[in-house]
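What follows is a short report on a single structure.
Heavy-atom basis, side chains included; hydrogens, waters and symmetry copies ignored.
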Amino acid sequence: MEREKAWIWFKGGLQGGSWVGGFWATKSEQGGYLVERSDFVKCRLPEWRVSLLEPENPKEPPRDISSKNIWKHI
């Protein structure tokens with residue numbers, strides 16, 4: 001599986017969420033993406049939080065975000 005540059009959606013608290021770049025993502029066999037960056041703990045995230053294309057607007061949330069979505073695979 002190939003590592004690709006990725007942007008990750010973070011909630012952001014009172015300031016609102018945003019896409020953060022500088023991550024590497026690899027498609028996971030268990031679903032979602034395994035993401036890593038030198039200053040973050042490597043983890044597996046659901047597909048809706050990962051973008052392999054740079055977002056046009058870093059403050060615009062993913063289209064399929066809902067309160068029922070999981071934020072991180074355990």
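Applying the side-chain hydrogen bond (donor to acceptor under 3.5 Å, both in side chains) definition to pairs two or more places apart or across chains, none involves residues 16-25.
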Full working for side-chain contact (heavy atoms from CB on, under 4.5 Å) between Tyr33 and Val50: CA-CA 7 Å; Tyr33 285 94; Val50 180; 3.8 Å; yes
Criterion side-chain contact (heavy atoms from CB on, under 4.5 Å) on Val35 and Phe40, from CA distance to verdict: CA-CA 9 Å; Val35 296; Phe40 282 85; over 6 Å; no
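The distance from the CZ atom of Phe23 to the CG atom of Leu34 is 12.0 Å, given to the nearest 0.5 Å. For the atom pair OG of Ser38 and CD of Glu36, the computed distance is 10.0 Å after rounding to the nearest 0.5 Å. Note: Trp48 CH2 to Trp9 CH2 = 9.0 Å, rounded to the nearest 0.5 Å.
No salt bridge links Lys5 with Glu54; every basic N to acidic carboxylate O contact stays at or beyond 4.0 Å. The existence of a salt bridge linking Glu4 and Lys27 is excluded, since no basic side-chain nitrogen approaches an acidic carboxylate oxygen closer than 4.0 Å.
More than 12 heavy-atom neighbours from other residues, nucleotides or ligands sit within 6.0 angstrom of CD on Gln30.
Looking only at side-chain heavy atoms (C-beta outward), Pro55 and Trp7 come within less than 4.5 Å of each other.
For the pair Arg44 and Ser28, the tightest heavy-atom approach, listed with the atom from each and the gap, is CD-OG, 3.1 Å. Nearest heavy-atom pair across Arg37 and Val20 is NH1-CG1, 3.6 Å.
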